[in-house]
Amino acid sequence: MARLEGVRIAVTGPRKADELSKMIAKFGGSAVLRPAQGTVFLDDSQVGEQLSRLIVRPPDWLVLTTGVGTEALLQTAERLGLAEPFVQALGAMRIASRGYKTVNVLRKLGIAPEVRDDDGTTAGLLRAMGAYDLCGRSVALQLYGDPAPRLIGELAARGALCEELLPYRHVAPEGDVVATLIEEIVSGQVEAVALTSTVQVRYVMGSAAKLGRLEAVRAAFASRVLAVAVGKVTAEAMQEEGVERVLFPEEERMGSMVVAMSKYFGGGRASVEGEAELDGAVGDCAGGRPGGGLSLSLGVDLNASASA
């Protein structure tokens, strides 16, 4: 089962880092913890004001990008005594939804989005919204503490008037851990970097830019260091940052991500027994669907698929 022997992998996610490290070790790899995502907190004051305005004057469109962020909006509305008017306001807006988790949250409210992606990505959502005239339309964007410049930029280019709803705020990780990671990437001290959220992508690449190492990091990812994402959305964020060579599993699960790495570095098929052990260890912690396949996508041009 050991397919990662001699492979040093930087783990950037602070949550479940120990579990991911154990999975990597099970395949013979060596994990180094480089948390590139700080603490998270809910900014009730700003979100409360935005929700109140949204209820009084619903925008033409509400774009929901994550299930957990959508739930955060609902929980905040309930905490502020605005749950009923907020749900009523949802019925007055056209809703575009990304990802099956977001759709599931809406389904519990008896709401079906007018538009949804076909592949769980921002590119897919933009593609689905392409048939609608957004010129002069007000659009509220629910994000998850991570600005989405591509989404906002493309909607604005279509004439939409956008307002961001960021129910969660992310605080940068403490110390110089990200700077250390960047030097390890550039110098080839790690063979792979495992990323489990778009926030981690933005911190790593943003820090590289501030340190004047952005092009060196991109060059390293294009050659000797493998960028590994937990799923399509994180992979898409890497490609938006100029990293085209990204490995990610079809299912957004940490166990599937480790199996994908083992297949890549091992040059052969990982054992089904090993995959089953890993998936049993993590359950659905990364949002994957049980029992899915192990098909991989390496270096997929998501931007091309968006314009197709």
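Checked by atom type and distance alone, the side chain of Arg213 never pairs as donor or acceptor with a backbone atom of Ile182 at under 3.5 Å. In this structure, the side chain of Ser138 does not engage the main chain of Pro59 through any donor-acceptor pair within 3.5 Å. With hydrogens and angles disregarded, no donor-acceptor distance shorter than 3.5 Å links the side chain of Asp176 to the backbone of Ala179. Looking at Glu236, its side chain does come within 3.5 Å of a backbone N or O of Ala123 through a donor-acceptor pair. A donor-acceptor contact shorter than 3.5 Å is absent between the side chain of Glu114 and the backbone of Ile95. Between the side chain of Thr12 and the main chain of Ala36, no donor-acceptor pair closer than 3.5 Å is present.
Residues Leu134 and Leu125 are members of one and the same hydrophobic cluster, defined by side-chain heavy-atom contacts under 4.5 angstrom among Ile, Leu, Val, Met, Phe, Trp and Tyr. Hydrophobic clustering (ILVMFWY, side-chain heavy atoms < 4.5 Å, transitive): Phe265 and Leu20 are in one cluster. Under the 4.5 Å side-chain heavy-atom criterion for grouping Ile, Leu, Val, Met, Phe, Trp and Tyr, Leu143 is not connected to Val233 through any hydrophobic cluster. Under the 4.5 Å side-chain heavy-atom criterion for ILVMFWY residues, a single connected hydrophobic cluster contains both Leu73 and Leu80. Follow the hydrophobic side-chain contacts under 4.5 Å out from Val7 and you reach Met261 in the same cluster.
Distance check, rounded to the nearest 0.5 Å: OG1 of Thr122 to CZ of Arg127 gives 11.0 Å. Between the OG1 atom in Thr70 and the CD atom in Gln75 there is a gap of 11.0 Å [rounded to 0.5 Å]. Taken from CE in Met257 to OG1 in Thr234, the straight-line distance is 9.0 Å, to the nearest 0.5 Å. To the nearest 0.5 Å, atoms OG (Ser256) and CE (Met23) are separated by 9.5 Å. For the atom pair Glu19 CD and Lys22 NZ, the distance stands at 6.5 Å (nearest 0.5 Å). The distance from the SG atom of Cys162 to the CG atom of Leu141 is 5.0 Å, given to the nearest 0.5 Å.
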Full working for salt bridge (Lys or Arg N to Asp or Glu O under 4.0 Å) between Lys232 and Glu251: CA-CA 9 Å; Lys232 292 179 181 179; Glu251 292 195 56; over 6 Å; no

Leu62 and Leu90: CA distance, side-chain angles, deciding distance, side-chain contact (heavy atoms from CB on, under 4.5 Å) verdict: CA-CA 8 Å; Leu62 175 62; Leu90 290 178; 3.4 Å; yes

Candidate pair Lys263 and Val259, rule side-chain contact (heavy atoms from CB on, under 4.5 Å), full reasoning: CA-CA 6 Å; Lys263 290 173 68 176; Val259 170; 4.0 Å; yes

Stepwise side-chain contact (heavy atoms from CB on, under 4.5 Å) test for Leu33 and Asp18: CA-CA 9 Å; Leu33 303 184; Asp18 290 340; 4.2 Å; yes

Residue pair Val217, Val186: steps toward the side-chain contact (heavy atoms from CB on, under 4.5 Å) verdict: CA-CA 6 Å; Val217 167; Val186 171; 3.9 Å; yes

Steps toward salt bridge (Lys or Arg N to Asp or Glu O under 4.0 Å) verdict (Asp133, Arg158): CA-CA 8 Å; Asp133 181 10; Arg158 298 178 189 180; over 6 Å; no

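Closest of all the heavy-atom pairs between Ala192 and Val228 is CB-CG2, 4.3 Å. Shown here for Met93 and Pro58, the closest heavy-atom pair between the two residues is CG-CB, 3.8 Å. The two residues Ala31 and Ser21 have their closest heavy-atom pair at CB-OG, 3.6 Å. Closest approach of Met129 to Val115, counting heavy atoms only: CG-CG1, 3.8 Å. A pairwise comparison of heavy atoms in Phe221 and Met205 identifies CE1-SD, 4.4 Å as the closest pair. In this structure, Gly124 and Asp117 approach most closely via the heavy-atom pair C-CB, 3.7 Å.
For Arg202 and Glu240, the salt-bridge test passes: some basic side-chain N is under 4.0 Å from an acidic carboxylate O.
Under the salt bridge (Lys or Arg N to Asp or Glu O under 4.0 Å) criterion, no residue pair touches residues 56-75, with sequence neighbours excluded. A side chain to side chain donor-acceptor pair (under 3.5 Å) check over residues 217-231, counting only residues at least two apart or in different chains, returns the pairs Glu215-Arg218.
Within the 4.5 Å cutoff, side-chain heavy atoms of Leu51 are placed close to those of Phe86. Looking only at side-chain heavy atoms (C-beta outward), Thr196 and Gln200 come within less than 4.5 Å of each other. Counting heavy atoms from C-beta on, the side chains of Arg245 and Leu226 come closer than 4.5 Å. Leu155 places none of its side-chain heavy atoms less than 4.5 Å from the side chain of Trp61. Contact check for Val139 versus Leu161: no side-chain heavy atoms found under the 4.5 Å cut-off. With contacts defined as side-chain heavy-atom distances shorter than 4.5 Å, the pair Leu195/Val230 does not qualify. Between Leu106 and Pro113 the shortest side-chain heavy-atom distance falls below 4.5 Å. Arg53 has its side chain within reach of Glu163: a pair of non-hydrogen atoms, C-beta onward, lies under 4.5 Å apart.
One side chain, Thr66 or Gln142, offers a donor N or O that lies under 3.5 Å from an acceptor on the other. A donor-acceptor contact closer than 3.5 angstrom is absent between the side chains of Arg98 and Thr121. Residues Thr180 and Glu183 have side chains that never bring a donor and an acceptor to within less than 3.5 angstrom of each other.
With sequence neighbours left out, Val32 forms a side chain to side chain contact (heavy atoms under 4.5 Å, CB included) with Arg8, Ala10, Arg34, Val190.
Enclosure of atom CD in Glu84 is not indicated, since only 12 or fewer non-hydrogen atoms of other residues, nucleotides or ligands lie within 6.0 angstrom. At most 12 non-hydrogen atoms from other residues, nucleotides or ligands lie less than 6.0 angstrom from CD of Glu78.
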